[in-house]
Structure formats: C-alpha cells, structure tokens
Amino acid sequence: MGRAARVAGHGLIVVLLTLVTQVGGLAWLLSLAFARRWLGFLLSYAALSGVAHLAAPALGRQAVPCFGEPLRMQSVAYCLTLRNFVTPEMAQVARTAAEAVAWDYPGTVTLALDGSFPFLDGMPLLPHLSHDDGQKLDFAFSYMKDGAYAPGVTRSPFGYWAFELDNETDCPPVRLTTRWNMTWLQGLWPDRPLEPERTAALARALLADPMVGKVFVEPPLARQLGLKDAKLRFQGCRAARHDDHIHAQL
C-alpha cells in the first residue's frame with residue numbers, strides 16, 4: 001500500500017472515530033507512535049476517556065452514571081463511547097424523574113440512552129439532529145417480560161429502533177431525513193410488551209419538571225399512554241421516530 005493510501009486510510013479512521021466517540025480520532029493518532037497499534041489505541045483511548053471525565057465538569061458537563069439505581073445508562077457502550085454526558089441541569093432532571101418513578105413504582109430502573117459528548121457545543125452526536133450541547137437526553141421505554149415489569153430490560157440491545165407503532169405518523173416523503181423505519185430490524189427484537197404505566201410515569205415526571213422545555217414522543221403513542229401537555233411535541237418529519245424512546249431537553 002502506498003504512502004498516500006495509508007495516510008488516507010488513517011484519515012478516514014480518525015474521522016470515523018471522532019464522529020462516534022469524539023476523542024477516538026486523537027487516540028488513533030497517538031497510537032501511531034506504538035509498535036502494537038491496537039494496544040496503543042486502547043491505552044490512549046482509556047487515558048483520554050479519563051481526562052474527559054475529569055475535565056468535563058469544568059466545562060459544564062457531567063456523566064450520567066453507567067451503573068446503579070434508580071438511574072443508569074442502558075448500556076455500558078454509551079459510557080465507553082462517551083455519549084453519556086449532559087449539563088448539570090439535565091443530569092438533575094434525569095435523577096429527579098427517575099426518583100419520582102421509583103417512588104411511585106418501587107424497583108423501577110430508568111434507563112438513559114444518548115446524551116452528548118463531553119466537550120464542544122455544536123459537535124453533532126450522530127445520527128441525531130441535536131444532542132450537541134448537553135441539554136438533551138433520551139430515555140428508554142419500560143418493558144414487560146413473562147407478564148411482569150422487567151427492570152433494566154429493553155427490546156433492542158441499545159434501546160433504540162424497536163418501534164411500538166405499526167403505522168407511523170403520516171409524513172410526506174422528504175429527501176433529507178433520519179426518519180428511518182428500520183423495518184428489516186423489527187423481526188429481530190423479542191416480542192416484549194411495553195410497560196405503559198412506568199413509561200407514562202417517566203414522561204409525566206419529565207414534563208412536570210420546570211427545567212424541561214420539550215419532550216418528544218410520537219403523537220399516536222402519546223395518546224395511547226394518556227399523555228397531554230403543552231411541552232409534549234412532535235419532533236417533525238425529518239427527525240427520527242420517537243415511538244422507541246422518550247427525548248427530553250431543557
């Protein structure tokens with residue numbers, strides 16, 4: 001492989017890792033100084049992740065916990081990719097809502113999904129159209145297993161793209177959109193019913209918080225859950241479907 005091709009290959013890796021993890025591209029560049037590149041990458045990424053956790057609070061971000069109750073990230077993958085950072089205000093909103101649901105429904109575990117990266121307002125958290133300032137956080141629905149609420153369980157392994165509605169909101173065709181149906185994925189998920197009481201309780205707790213400005217839930221699903229509030233919005237036809245998660249923002 002020629003020098004130009006190697007440089008282009010490394011450049012592509014840097015871009016992809018930066019888009020997915022923010023600091024991964026820098027870790028890859030640092031790994032080029034190591035004889036064992038993958039070991040160098042893992043060591044560099046671990047070091048940079050540690051720096052991110054130490055530095056983020058000074059820059060107005062903090063991590064949603066990866067473990068514990070009543071609030072934690074749905075998967076450790078969100079923590080490893082540094083996608084679990086939010087502003088202190090959003091962190092407080094999440095804690096308060098999780099505690100409220102656990103108070104009404106003891107044993108409930110609220111699972112958070114994508115937040116933001118630890119640094120730099122304006123850097124997109126793909127594939128989201130927002131989530132670039134620490135003021136947004138997604139939450140997984142609650143589900144049932146064997147006829148009872150299943151704490152910490154989701155239908156998909158990452159909490160997204162397991163849609164609850166057979167027919168999505170009527171939207172005209174648009175060229176540029178992230179409103180994917182993911183039809184080919186739906187048959188892979190287990191037949192695990194939505195737990196409506198805890199899901200609705202979480203949405204209501206978020207809507208009741210004065211720091212929350214908007215909550216996105218797909219309108220037909222919101223009606224099924226009995227949700228009605230001025231803060232409850234439809235995210236629009238160009239954004240991702242919200243019948244697989246709840247989106248809250250300050």
Side-chain angles (χ1 to χ4, degrees), residues 52-53 56-79 82-118 121 125 128 130-144 149-154 158-160 164 194-218 221-222 224-235 240 242-250:
H53 281 84
L59 300 173
R61 303 277 175 92
Q62 65 185 69
V64 177
C66 301
F67 305 99
E69 297 179 8
L71 172 70
R72 66 171 178 260
M73 297 303 297
Q74 184 267 345
S75 169
V76 69
Y78 291 107
C79 304
L82 303 179
R83 299 169 72 95
N84 62 320
F85 285 82
V86 293
T87 63
E89 295 79 9
M90 189 71 244
Q92 181 59 52
V93 165
R95 284 193 300 269
T96 300
E99 290 168 358
V101 178
W103 177 267
D104 291 336
Y105 300 92
T108 301
V109 179
T110 294
L111 301 177
L113 304 173
D114 271 334
S116 297
F117 286 132
D121 286 354
L125 188 80
H128 303 277
S130 58
H131 288 259
D132 59 354
D133 56 7
Q135 297 187 22
K136 291 90 176 178
L137 183 62
D138 289 342
F139 298 87
F141 293 158
S142 292
Y143 293 92
M144 301 179 69
Y149 165 64
V153 171
T154 55
F158 39 82
Y160 290 109
E164 293 300 318
L194 182 74
E195 205 293 308
E197 293 183 353
R198 289 170 173 82
T199 301
L202 174 59
R204 291 192 182 98
L206 293 167
L207 289 165
D209 195 308
M211 288 194 289
V212 172
K214 297 178 183 178
V215 172
F216 295 156
V217 177
E218 207 72 19
L221 182 60
Q224 290 180 23
L225 294 173
L227 301 175
K228 188 176 182 181
D229 192 279
K231 297 179 185 178
L232 189 63
R233 308 289 181 85
F234 174 49
Q235 71 282 351
H242 283 68
D243 55 327
D244 60 337
H245 70 281
I246 298 170
H247 167 103
Q249 66 185 65
L250 301 182

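Applying the salt bridge (Lys or Arg N to Asp or Glu O under 4.0 Å) rule to D114 yields the partners R83; only residues at least two apart in sequence or on another chain are considered. In this view, D132 and K136 satisfy the side chain to side chain contact (heavy atoms under 4.5 Å, CB included) rule, not counting sequence neighbours. Legend: residues meeting ring-ring contact (aromatic ring centres under 6.0 Å, His included) with Y143, ordered by chain and number and at least two apart, are absent.
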In residues 201-215, what donor-acceptor pairs under 3.5 Å come from side-chain atoms, sequence neighbours left out?
residue: R204; atom: NH2; partner: L225; partner atom: O; Å: 3.4
residue: R204; atom: NH2; partner: G226; partner atom: O; Å: 3.3
residue: D209; atom: OD1; partner: M211; partner atom: N; Å: 2.8

Atom pairs and distances, side-chain donor-acceptor, residues 59-75, under 3.5 Å, sequence neighbours left out:
residue: R61; atom: NH1; partner: F117; partner atom: O; Å: 2.4
residue: R61; atom: NH2; partner: D121; partner atom: OD1; Å: 2.3
residue: R72; atom: NH1; partner: G68; partner atom: O; Å: 3.0
residue: Q74; atom: NE2; partner: T154; partner atom: OG1; Å: 3.0
residue: Q74; atom: NE2; partner: P157; partner atom: O; Å: 3.1
residue: S75; atom: OG; partner: A77; partner atom: N; Å: 3.1

Identify every side-chain donor-acceptor pair in residues 96-109 under 3.5 Å, counting partners at least two apart or on other chains, and give the distances.
residue: T96; atom: OG1; partner: Q92; partner atom: O; Å: 2.9
residue: T96; atom: OG1; partner: Q92; partner atom: NE2; Å: 2.8
residue: T108; atom: OG1; partner: Y105; partner atom: O; Å: 2.6
residue: T108; atom: OG1; partner: R198; partner atom: NE; Å: 2.9

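One finds the CG atom of D133 at 11.0 Å from the CG atom of L125 (value rounded to the nearest 0.5 Å). L250 contributes atom CG, which lies 9.5 Å from atom CG of L137 (distance to the nearest 0.5 angstrom). The structure places CG of L227 at 7.5 Å from CD1 of I246, a figure rounded to the nearest 0.5 Å. Note that CE of M144 and CD of E197 are 8.5 Å apart. Values are rounded to the nearest 0.5 Å.
F216 and H247 have parallel rings, their planes meeting at less than 30° on a 0 to 90° scale where 60° marks the start of perpendicular.
Between the side chain of T199 and the main chain of S142, a donor-acceptor pair closer than 3.5 Å is present. The backbone N or O of F139 sits nowhere less than 3.5 Å from a side-chain atom of H245 that would complete a donor-acceptor pair.
At a threshold of 4.5 Å between non-hydrogen side-chain atoms, the residues D138 and Y78 do not count as touching. You'll find the side chain of L194 stays beyond 4.5 Å of the side chain of Q224, heavy atoms only.
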request  = Take E218 and Q235, measure what side chain to side chain contact (heavy atoms under 4.5 Å, CB included) needs, and give me the verdict at the end.
outcome  = CA-CA 8 Å; E218 207 72 19; Q235 71 282 351; 3.0 Å; yes
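When all heavy atoms of V217 and A222 are compared, the closest pair comes out as CG1-N, 3.9 Å.
Taking the ring centroids of F85 and H53, they lie under the 6.0 Å cut-off.
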